[in-house]
Amino acid sequence: VNLRIPGPTTVPVEVAQAGATEMINHRGPEFAALIARTTEGVKKVYQTQNDVLTLTASGSGAMESAVVNFTAPGDHSLVVSIGNFGDRFANLVKIYGGVLTKQEYEGGQAADLNKIEDALKADPQIRTVFITHNETSTGVTNPVLPELAALVHAHDALVVVDAISSLSSIEVDTDGWGLDVVLSGSQKGWMVAPGLAFASVNERAWARAEETASKQPRFYFDLKRHKDSLANGQTPWTPAVSLFFQLDKALEMMFAEGLEGIYARHRRIGNMVRDGVRGMGLELLADEGVESDTVTAFWLPDGINGSQVSKIAREKYGTVFAGGQGNLTGKIMRFGHLGAMTDEDIQAGLDALKSAFADAGFKG
Ligand SMILES: Cc1ncc(COP(=O)(O)O)c(C=O)c1O
């Protein structure tokens, strides 16, 4: 199957096989060596000297960890939402008792630094800003991150970034951009099966976690406990050991290709998908200049049923695409192009898409 959804992504055979390694004691020396090695590797991809914790959870678990560790009930937070995953941060902030300012954008738009500054000025009590780097539901990469931290820090607030579908495929310079907390998930560009999530935490964020500890209940996702355990080569709870084996192998493959090579491949393939989709007469959702290099969303033309196109693509052409989420359900389709993929895989995906649209009655 040609899996052209924006995660879970194809797991290379070598990585899948590494996951079948004989089980080990998660409190023994082999696991200590393994987690030390994977943590170093993940930190390299993050471009950070900050602590990076590996959680046995999906990406949403890492998002929840950020809310329970860095906010307390009654704290003011700004959520910059350009789509479904930004909305998830807003829900989490509300569920954990935060006072929410939600800045929303139309599907396909990127965040605007000036508007973020206006929101911070409008409520000087905002202590945390949550933002999605790459919005998987719309196929947009927010270009504001390099300048964002300076702005947020000038207002004495923290910045938390969901880089779940960008980190490891699109460059995120955690330390260079001064990002306090950055989250990612194994089933995206990391080429690992779903089940591990990452959170980087700098000193400013640790100080916040300590300050809110007595006010916000936390247990499974208590990041300080994860940090203390990591110092002893462990995790507080039983980790998904087999996925750590996979991650170890995937990181080895990533460094063999080189991070610059990986980013260049995603850029090239992103262009290839956009050209291919436009060439079929379809229109992209993303505004020009902010299109994602990991996922492309495009509008369904009038009279074309996306579920039917997806069904044909899956059954007749062995290719799986994603539909729209939230208010874009039934209006768009999404083509995932991240992680382990070659130009040939992508060309095959484009051919399948074109044939499925033609079979569904689209004349172009
Ligand atoms: C940008 C973004 N944020 C958050 C998530 C949620 O991650 P998960 O589905 O692993 O919980 C995803 C995954 O689909 C995502 O793409």
Side-chain angles (χ1 to χ4, degrees), residues 3-11 42 46 53-68 79-93 95 102 104-105 107-111 129-145 159-172 174 179 181-200 220-221 240 243 246-247 250 266 270 285-286 290-297 320-326 328-329 332-339:
L3 198 57
R4 295 275 59 94
I5 60 173
T9 63
T10 301
V11 176
V42 173
Y46 262 75
L53 293 326
T54 303
L55 311 171
T56 289
S58 83
S60 302
M63 295 171 78
E64 183 156 346
S65 81
V67 174
V68 300
V79 172
V80 179
S81 178
I82 63 166
N84 201 52
F85 292 107
D87 291 351
R88 189 164 301 181
F89 265 143
N91 284 334
L92 280 161
V93 165
I95 285 165
K102 186 176 173 194
E104 287 184 85
Y105 292 80
Q109 287 181 349
V129 176
F130 293 89
I131 189 166
T132 318
H133 182 214
N134 186 78
E135 180 49 75
T136 319
S137 69
T138 60
V140 169
T141 305
N142 263 325
V144 298
L145 288 200
V159 59
V160 175
V161 177
D162 168 353
I164 290 172
S165 62
S166 54
L167 235 172
S168 74
S169 309
I170 298 171
E171 182 172 25
V172 177
T174 303
L179 305 173
V181 177
V182 180
L183 315 171
S184 195
S186 61
Q187 80 277 25
K188 305 287 185 180
W190 302 88
M191 307 186 290
V192 171
L196 294 180
F198 311 112
S200 74
Y220 188 83
F221 291 127
L243 298 183
Q246 286 197 356
L247 177 61
H266 282 79
L285 181 62
V290 294
E291 302 96 335
S292 166
D293 285 331
T294 61
V295 53
T296 296
V320 184
F321 297 103
Q325 296 168 297
L328 291 168
T329 305
I332 63 165
M333 279 180 67
R334 292 174 303 145
F335 186 128
H337 37 94
L338 70 171

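All of these numbers come straight from a predicted model, not from anything done at the bench. Atoms within a ligand are numbered from 1 in the order they appear, just like the ligands themselves.
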Under 4.0 Å from any heavy atom of I164, which atoms of ligand 1 are there?
-> 2 (C), 3 (N), 4 (C), 5 (C), 12 (C), 15 (C)
Where ligand 1 meets M63 - atom numbers and elements under 4.0 angstrom, heavy-atom basis = 4 (C)
Got an N/O contact under 3.5 Å between G59 and ligand 1?
-> yes
Would you check, one step at a time, whether the test side-chain contact (heavy atoms from CB on, under 4.5 Å) holds for R88 with D162?
-> CA-CA 10 Å; R88 189 164 301 181; D162 168 353; over 6 Å; no
For atom 12 (C) of ligand 1, which protein heavy atom lies nearest, and how many Å away is it?
-> F85 CE2, 3.4 Å
Under the side-chain contact (heavy atoms from CB on, under 4.5 Å) criterion, do D293 and T141 qualify, and how do the steps go?
-> CA-CA 8 Å; D293 285 331; T141 305; 6.0 Å; no
Give the ring-plane orientation class for Y46 versus F198, where under 30° counts as parallel, over 60° as perpendicular and anything between as tilted.
-> perpendicular
Would you check whether H133 reaches within less than 4.0 Å of ligand 1, judged by its heavy atoms?
-> no
E135 to ligand 1, any heavy atom closer than 4.0 Å = no
Below 4.0 angstrom from a heavy atom of S58, which ligand 1 atoms are there? Numbered from 1 as shown, please.
-> 8 (P), 10 (O), 11 (O)
Let me see the working for I95 and V67 under side-chain contact (heavy atoms from CB on, under 4.5 Å), right down to the final yes or no.
-> CA-CA 10 Å; I95 285 165; V67 174; over 6 Å; no
Is a side-chain donor or acceptor of S200 paired with a backbone partner of V182 at a separation under 3.5 angstrom?
-> yes
Do Q246 and L196 come within less than 4.5 Å of each other through their side chains, counting heavy atoms only?
-> no
Determine yes or no for a side-chain-to-main-chain donor-acceptor pair under 3.5 angstrom, with H133 supplying the side chain and S165 the backbone.
-> no
At what distance is the nearest protein heavy atom to atom 9 (O) of ligand 1, and which residue and atom is it?
-> Q187 NE2, 4.0 Å
Atom 13 (C) of ligand 1: which protein heavy atom is closest, and how many Å away?
-> K188 NZ, 3.0 Å
For atom 3 (N) of ligand 1, grab the closest protein heavy atom and report residue, atom and distance to one decimal in Å.
-> D162 OD2, 2.5 Å
Heavy-atom proximity to atom 16 (O) of ligand 1 ranks first, among T136, N84, I5, for T136
Under 4.0 Å from a heavy atom of S165: give me the atoms of ligand 1 that qualify, with their elements.
-> 1 (C), 16 (O)
What are the atoms of ligand 1, with element, lying closer than 4.0 Å to any heavy atom of N134?
-> 1 (C)
One finds that the ligand 1 atoms under 4.0 Å from a non-hydrogen atom of R88 are 6 (C)
Between the main-chain N or O of G323 and the side-chain N or O of R334, is there a donor-acceptor pair closer than 3.5 Å?
-> yes
Yes or no on side-chain contact (heavy atoms from CB on, under 4.5 Å) for S186 and L247, after CA distance, side-chain angles and deciding distance?
-> CA-CA 8 Å; S186 61; L247 177 61; 5.9 Å; no
